[in-house]
Every structure is written in structure tokens, then in C-alpha cells.
Colleague: 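Dropping the structure in here first, questions after.
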Amino acid sequence: MDIEQKQNEFIDHFVKRASSLKGSALASVVTEATSHPSLFAFSEILAVPDVVELEGTEHSVYLDVLRLFAYGTWSDYTSNSGRLPELGSDQALKLKQLTVLTLAETNKVLPYDQLMQELDVTNVRELEDFLINECMYAGIVRGKLDQLQRCFEVQFAAGRDLKPEQLGSMIQTLSNWLTTSDNLSVSIQEKIKWADNMSGLDKKHRKEVEERVEDVKKSLSSKADIDIRGHEEVYSEPGGVMDYEEDRSRPKRRRHPIS
């Protein structure tokens, strides 16, 4: 089961917990959800009515933390750390993992220098250990570390939550994909029909050739029979060959001595 398929059971668990709590009691749910090693989607928790009601209250900071983990990156946290609670080590690790996913959404080749800056990592060894142990082993990304070119080549990255303002763009992208798929399907059907027609024509042509071959064979066979019969008639004509008995019955000529 891949990382995106694992999400549902964890999401359901935290949604049920958040739905039964209010106000400051939601702090523990937010902290646990953003620290969970296998949870990387938070929009369903954000949509829980009791969580939405935190907006504008003294506990709205927990709503901000959830939004950070749903849509933000590590640099977003460091830029706004003054108004956000300090993150625990598990939360910091999770936010850095999510940062890699965000970078992989738009670029399939991530330079080491960019990754080190975005993740606050000081050296290549630390960066590569993080990508291998915390990202690839976790199943959220797959790729190749290119030490020579100093980059991470992304082959797969799990998806993150969509921001509300991204929905329109996503719907348009899916609509374009659907149109392209429909056009491709029509093109494939036309090619299948063409191939069927060509196959039928090929079979018809093959049958015609076979029939012509048979006609030629029959014609040659008939000509051969006629030639054979002609030879038989020539050699069987009367007088053509003298019968032995007929030769014996003829009177012999007398020989006269030469004087």
C-alpha cells in the first residue's frame, strides 16, 4: 500500500477526534496530527466545523498551524515563527518532508543548493541522509541522488493538500486532460477501424491471388493433358509402325543370281 492510500484511516481517526472537541481541547489533536509519521494530508481536518470555528478566537493559532502543515513549507514557518508556537522535533521533521513534496510538485530536478537552503541543512551529507532516510524510506518520494551534478532527480512524489485558490486551476487541468483523453480515444477508434478495413482488404486480395494461382494451375494442367494426348495420337496412327505378324505373312522376294 503506497503513502497516499495509507492516509484515509489516519485522516478518519483525527477527523473523528476533532469533531468531538472544541476550543483549546483541539490543541492536542492538532499537535498529534502534525507529528504523526504517516500523515501528510490535513485538509479534511481543516474542514471539521469545530476546527473552522477557531478562526478569530484566542485559539486560532492552532488553525494556523494546521494550515501551515496543509499548504506551507519550512521557510514559511521560519518567516512567521514569531506568531506560531514552537514546533516539536517530529513536527519540524514533518514540515521539512512536506517542503520536499512542495518543491517536487513543480521541478523534477532539485539542486542540492536549493534543498539545503529550503530545509536549513548545512552540508550535503546531512541533506542526502535526510532525503534517503526521511523521504525515500518513508515512501513519500522516489528518485535518484546525483552527487556529480549535486541534485536530486525526482521520479515520484506524493501529493499535498490543494489550497482553495488552486481548485479552479486543478479543475481546468482535469478538464483539459479529459478533453485530450476523449480526442485520443476517438483517434484510437479510428485507427482500429482503419486497421480492420485494411485487414479485410488484405484478406480479399490474398483470396483473389490464391484464386488466380488456382486458375493458372488448372490452365497449365489442361494444356499438359492436351499435349500428352497429341503425342499419343501421332504415335498410334495406322501405318506408322508395322506389325510383326503382318511382316511375316508377306511373300519374300526372290534373289536372282548375277550373270
Colleague: Taking atom CD of Gln91 and atom OG1 of Thr34, what is their separation to the nearest 0.5 Å?
Modeller: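 So the gap between those two atoms works out to 3.5 Å.
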Colleague: Output all residues satisfying side-chain hydrogen bond (donor to acceptor under 3.5 Å, both in side chains) with Asp113, sequence neighbours left out; order by chain, then residue number.
Modeller: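 With neighbours one apart ignored, the set is Arg150.
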Colleague: How long is the gap from CG on Leu95 to OG on Ser35, to the nearest 0.5 Å?
Modeller: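 It comes to 11.0 Å.
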Colleague: Hey, are the side chains of Asp196 and Ile192 touching, using non-hydrogen atoms and a 4.5 Å cut-off?
Modeller: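 Asp196 reaches Ile192 side chain to side chain.
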Colleague: Near Lys144 NZ, under 6.0 Å, is it more than 12 heavy atoms from other residues, nucleotides or ligands?
Modeller: no
Colleague: Find out whether Phe69 and Ile45 are in side-chain contact, i.e. whether some heavy atom of one side chain is under 4.5 Å from a heavy atom of the other.
Modeller: no
Colleague: Could you list the residues that satisfy ring-ring contact (aromatic ring centres under 6.0 Å, His included) with Tyr112, not counting sequence neighbours?
Modeller: none
Colleague: So how far is it from Lys96 NZ to Leu87 CG, rounded to the nearest 0.5 Å?
Modeller: 10.5 Å
Colleague: Any side-chain to backbone donor/acceptor pair from Arg67 onto Gly72? Under 3.5 Å, distance only.
Modeller: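 Side chain of Arg67 to backbone of Gly72, a donor-acceptor pair under 3.5 Å: no, none is there.
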Colleague: Is Gln97 close to Phe130 at the side-chain level, that is, under 4.5 Å between some pair of heavy atoms?
Modeller: yes
Colleague: Give a yes or no on whether a salt bridge exists between Glu32 and Arg17, defined as a side-chain N under 4.0 angstrom from a carboxylate O.
Modeller: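 Counted as a salt bridge, because a side-chain N and a carboxylate O are separated by less than 4.0 Å.
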Colleague: Evaluate Leu101 against Val141 for side-chain contact (heavy atoms from CB on, under 4.5 Å), listing each step before the verdict.
Modeller: CA-CA 8 Å; Leu101 296 185; Val141 294; 3.6 Å; yes
Colleague: Would a hydrophobic clustering, with Ile, Leu, Val, Met, Phe, Trp and Tyr connected at side-chain separations under 4.5 Å, put Leu145 with Tyr137?
Modeller: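 Both belong to a single hydrophobic cluster.
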Colleague: Looking at Leu110, Thr102, Thr99, which hits side chain to side chain contact (heavy atoms under 4.5 Å, CB included) with Glu118?
Modeller: Thr99
Colleague: Do other residues, nucleotides or ligands put more than 12 heavy atoms under 6.0 Å from Gln147 CD?
Modeller: no
Colleague: Please check if the side chain of Asp76 supplies one atom and the backbone of Thr73 the other of a donor-acceptor pair under 3.5 Å.
Modeller: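 Here the side-chain-to-backbone pair exists.
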Colleague: Considering only heavy atoms from C-beta outward, does the side chain of Leu115 approach that of Phe152 to under 4.5 Å?
Modeller: yes
Colleague: For Val213, which of Lys217, Glu210, Glu211 qualifies under side chain to side chain contact (heavy atoms under 4.5 Å, CB included)?
Modeller: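 Answer to the side chain to side chain contact (heavy atoms under 4.5 Å, CB included) test with Val213 among Lys217, Glu210, Glu211: Lys217.
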Colleague: Can you confirm whether Glu86 is buried at CD, in the sense that more than 12 heavy atoms of other residues, nucleotides or ligands lie under 6.0 Å from that atom?
Modeller: no
Colleague: Indicate yes or no: does Lys16 engage Asp12 in a salt bridge with an N to O separation below 4.0 Å.
Modeller: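 No salt bridge links Lys16 with Asp12.
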Colleague: Do Asn183 and Thr180 have side-chain N/O donor and acceptor atoms under 3.5 Å apart?
Modeller: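 Looking only at side-chain atoms, Thr180 and Asn183 do not form any donor-acceptor pair under 3.5 Å.
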Colleague: Strictly by ring-ring contact (aromatic ring centres under 6.0 Å, His included), give each pair with a member in residues 192-215 just once, sequence neighbours left out.
Modeller: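 For residues 192-215, and leaving out neighbouring residues, there are no ring-ring contact (aromatic ring centres under 6.0 Å, His included) pairs at all.
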Colleague: Measuring only between side-chain heavy atoms, which start at C-beta, is Tyr62 closer than 4.5 Å to Val30?
Modeller: yes
Colleague: Between Ser185 and Ser181, is there a donor-acceptor pair closer than 3.5 Å when you use the side chain of the first and the backbone of the second?
Modeller: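 Not a single qualifying donor-acceptor pair exists.
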Colleague: Flag the pair Lys94 and Asp90 as a salt bridge only when some basic side-chain nitrogen lies within less than 4.0 angstrom of an acidic carboxylate oxygen.
Modeller: no
